[in-house]
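Report on one structure; see the data block that follows.
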Amino acid sequence: MIITDTHTHLYSEAFDEDRDEIIQKALDAGVQRFFIPAIDSAYTDAMMDLESRYPDNVFLMMGLHPTHVKENYKEELAHVEQLFSERSFYAVGEIGIDLYWDKTYLKQQQEAFVYQIQLAKKHQLPIVIHSRESFDEIFEILEQEKGDDLYGIFHCFTGTFEQAEKAISCNMKLGIGGVATFKNGKIDQFLNEIALKHIVLETDSPYLAPVPFRGKRNESSYIIKVLEKLSSIYGISMEEIASITTENSKQVFGI
Ligand SMILES: [Zn+2]
């Protein structure tokens, strides 16, 4: 069984004490592919280091996270663009709009999102979207930018059935993680109406640990709990879910 974690911040300080152990634990559990979203330039070195130590398992994205769009966002975007001119990545991510923490930079977040969508189109890469309390703002931009050259993953999807269908119609797969196991997570109630070909698995570790680890530090091996949940929702084996979602991830990332 090959499981793909399409979204894990393995370079985070949260793993500084035991990163290799955590990776080994995930590998032993069958999680062999880790897709790594960027946050901002402060983490670039740590991401590259991770990639050089696990070249067969770690696949990097590059982008500016919406909660890190601040006064200096133009410099940060220049850093992202510079890296894309030097080497390749598997996606532009994570990018989007987050109005949960702070609405001060909404305009700049919108601008950075559009800018990075253009970058993805230019490099023929998928985007990985971060959306928090911002469905309308995200879809406004997706509707305007959509086309055959725009595709990717709606990371940590927590919307309604209608929003899921809308995301899918914009060539997005739904990134499903720990929230699917939450009692009040809601998406488990309609997920069986969404074809599995639209789903990829993720942890978003160190955040959003699934039940029974909810509230603790998340790690890639916990993705098994998400697999278990999806297996019961769809009524097929964990192996089949792992295989289909890994295929879907290959389709998106091209590896
Ligand atoms: Zn993330």
Side-chain angles (χ1 to χ4, degrees), residues 3-16 19 22-23 26 31 33-44 46-48 50-51 57-70 73 76-77 80 83 89-102 105 109 112-113 116-117 120 125-135 137-138 152-159 167 172-182 185 187 199-210 213-223 225-226 245 249 252-253:
I3 306 166
T4 302
D5 187 347
T6 61
H7 198 111
T8 170
H9 298 272
L10 266 173
Y11 53 85
S12 157
E13 297 89 344
F15 299 113
D16 280 354
R19 187 168 291 106
I22 291 296
I23 292 174
V31 190
R33 294 154 47 85
F34 307 98
F35 287 86
I36 314 288
I39 292 179
D40 69 14
S41 61
Y43 293 98
T44 305
M47 290 173 68
M48 305 274 191
L50 193 62
E51 178 190 51
N57 309 96
V58 159
F59 307 96
L60 301 186
M61 312 175 198
M62 185 45 61
L64 177 60
H65 192 293
T67 60
H68 288 244
V69 172
K70 308 271 169 175
Y73 77 107
E76 285 289 334
L77 290 176
V80 169
L83 281 167
F89 293 93
Y90 292 94
V92 179
E94 55 186 293
I95 63 175
I97 299 173
D98 188 314
L99 300 178
Y100 176 79
W101 296 105
D102 190 358
Y105 294 102
Q109 288 192 40
F113 187 35
Q116 294 183 94
I117 287 174
L125 287 171
I127 59 170
V128 171
I129 301 173
H130 170 108
S131 167
R132 197 157 180 203
E133 297 200 352
S134 61
F135 272 111
E137 290 81 0
I138 291 278
I153 296 172
F154 210 111
H155 143 64
C156 188
F157 184 82
T158 53
M172 296 297 147
K173 305 233 183 272
L174 309 181
I176 302 297
V179 175
T181 70
F182 293 178
I187 48 170
I199 306 286
V200 292
L201 302 183
E202 63 171 51
T203 55
D204 199 18
S205 59
Y207 314 105
L208 292 172
F213 308 109
R214 190 172 180 179
K216 302 211 168 76
R217 181 185 71 169
N218 198 4
E219 55 177 79
S220 283
S221 64
Y222 295 171
I223 209 166
K225 294 291 161 196
V226 180
T245 52
S249 76
V252 174
F253 293 116

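Indexing begins at 1, ligand by ligand and atom by atom, following the structure's order. Numbering of residues begins at 1 and proceeds along the displayed sequence.
- Considering H130, H68, R132 in turn, H130 is the only one that fulfils the side-chain hydrogen bond (donor to acceptor under 3.5 Å, both in side chains) rule with D98.
- Using cut-offs of 30° and 60° on the angle between ring planes, the pair F35 and F253 is parallel.
- Restricting H9 to its N/O/S atoms, the shortest distance to the Zn ion (ligand 1) is reached by NE2.
- The atom name of the N/O/S atom in H7 closest to the Zn ion (ligand 1) is NE2.
- The aromatic rings of F157 and F135 lie perpendicular to each other, with more than 60° between the two planes, well past the 30° mark.
- H9 has its ring centre less than 6.0 Å from the ring centre of Y11.
- A pairwise comparison of heavy atoms in I97 and I138 identifies N-CD1, 3.5 Å as the closest pair.
- As for E94, its N/O/S atom nearest the Zn ion (ligand 1) is the one called OE2.
- Of all N/O/S atoms in D204, OD1 sits nearest the Zn ion (ligand 1).
- Residue contacts to the Zn ion (ligand 1): H65 brings no N, O or S atom closer than 2.8 Å.
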